[in-house]
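Input: a single structure, listed below in structure tokens.
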2 protein chains.
Amino acid sequence: MTGKNLVGPEADALDLGAVFRALADEHRRSVLTQLAADRSDNERGCNSFALPISKQTQTHHFRVLREAGLIDEIDYGNRKGIRLRRADIEKRFPGLLALLGAEPPGDTAPR
Amino acid sequence: MTGKNLVGPEADALDLGAVFRALADEHRRSVLTQLAADRSDNERGCNSFALPISKQTQTHHFRVLREAGLIDEIDYGNRKGIRLRRADIEKRFPGLLALLGAEPPGDTAPR
DNA sequence: ACCAAGGTACGAAAAATTTCGTACCTCAGT
DNA sequence: ACTGAGGTACGAAATTTTTCGTACCTTGGT
């Protein structure tokens, strides 16, 4: 089944402040880093990120990432797909994703 | 008089999480954006940024920027100089400063 | 029809951040 | 020696963010 895409900002409406606020959190940065590392940009289930937090909190974090324009969330009803908005991000903030790649992906030290 | 440089992290110890957290705040981002816009990297007084907040709060924000490794603070006793750590930032996070430059400098919209 | 898995809505607790009042320090100039 | 400008220390209030408990929704499988 094709799910419906939850809304986020248009490509050229991405806000740098919202992006930095989104990436300021350890868990969200972990998600983005993992997404950026996969150059094939496959859609992923949101359980594939091994986040050590409850599912309600995960819902919150994915929403923040979507509202910052960093990911698409595809709603299938009883599961959800996550996809990096790589082209939009690169267009508006070239080099940003490369910065994430430079960090060790598993390095999720406490803040 | 030569002032003494307040301590921040070494160039290769800059942490991306700390940097994103520092740049997540509107006022701190404004400071960095203004600094990044001046390619001559002159030292500036910390009153030259026109921040609409009290001086105690400014002290706080400059400290966060310094502890993230983004600026040097030079203490002259009764005044303070601010200098962008451009080379260190570019070395560790190439392209980061360019992202700030892409935003309109005076665009400090409420969050 | 039922159940279980995956996810959300709402609300509240907990934690972190931003902000500033009060008091104090340092230096330059008079 | 005094004063004023610029800055910090400490502590508390205000705000924001993170987290999760409870309840509920949706879909796929039995």
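Residue numbers start from 1 in every chain, and the chains themselves are labelled A, B, ... in the order their sequence lines are given, proteins ahead of strands. Heavy atoms only: backbone and side chains are in, while hydrogens, waters and symmetry mates are out.
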Qualifying residue, where the test is side chain to side chain contact (heavy atoms under 4.5 Å, CB included) with A:Cys46 and the options are A:Ile71, A:Ile82, A:Val31: A:Ile82
So which atom in B:Glu90 and which in B:Leu96 form the shortest heavy-atom distance, rounded to 0.1 Å? OE2-N, 4.5 Å
Taking B:Phe49 as the starting point, is it possible to reach A:Leu16 by hopping between hydrophobic residues whose side chains are less than 4.5 Å apart? yes
Contact class for A:His61 (heavy atom, under 4.0 Å): base, sugar-phosphate, or nothing? sugar-phosphate
Does A:Asp75 reach a base, just sugar-phosphate, or nothing at all? Heavy atoms under 4.0 Å. nothing
OP1 or OP2 of C:dT18 less than 4.0 angstrom from a side-chain nitrogen or oxygen of B:Thr57, does that happen here? no
A:Arg86 and its salt bridge (Lys or Arg N to Asp or Glu O under 4.0 Å) partner, picked from A:Asp41, A:Asp72, A:Asp38: A:Asp41
Does a nitrogen or oxygen in the side chain of B:Thr59 sit under 4.0 Å from OP1 or OP2 of D:dT8? yes
At under 4.0 Å, does any side-chain N or O of B:Arg28 touch on OP1 or OP2 of C:dT18? yes
Spacing between A:Arg29 atom CZ and D:dT17 atom P, to the nearest angstrom: 16 Å
Tell me: CZ of A:Phe62 to P of D:dT19, nearest whole Å? 13 Å
Atom pair distance, as rounded to whole Å: CZ in B:Arg21 and C1' in C:dA15: 14 Å
Rounded distance (Å) that lies between atom P of D:dG7 and atom CZ of B:Arg79: 9 Å
Let me know the distance between OH of B:Tyr76 and C1' of C:dC25, rounded to the nearest Å. 19 Å
Residues B:Ser30 and B:Glu26: side-chain donor-acceptor under 3.5 angstrom: no
What's the CD-P distance between A:Glu67 and D:dT17, to the nearest Å? 11 Å
Quick one: does A:Arg28's side chain have a donor or acceptor within less than 3.5 Å of a partner on A:Leu23's backbone? no
Hey, which of A:Arg63, A:Lys4, A:Arg66 is the one that makes side-chain hydrogen bond (donor to acceptor under 3.5 Å, both in side chains) with A:Glu73? A:Arg66
To the nearest angstrom, the CG-C1' distance between A:Asp25 and C:dT17 comes to 14 Å
On DNA chain D, does the nearest nucleotide to A:Pro52 precede the nearest nucleotide to B:His60 from the 5' side, or the other way round? Give the residue. B:His60
Could you check which of D:dG7, D:dT17, C:dT8 has an atom nearest any side-chain atom of B:Lys80? D:dG7
Nearest-nucleotide 5' precedence on DNA chain D, B:Leu6 against A:Ile53: B:Leu6
Integer-rounded Å distance: D:dG6 C1' and B:Ile82 CD1: 12 Å
Pull out every protein N or O sitting under 3.5 Å from an N or O of nucleotides 21-23 of chain D, one pair per line with the distance.
from   : atom 1 : to      : atom 2 : distance (Å)
D:dG21 : N7     : A:Gln56 : NE2    : 2.6
D:dT22 : O4     : A:Gln56 : NE2    : 3.2

Tell me which of A:Arg63 and A:Asn78 sits closer to the 5' end of DNA chain C, going by the nucleotide each one is nearest to. A:Asn78
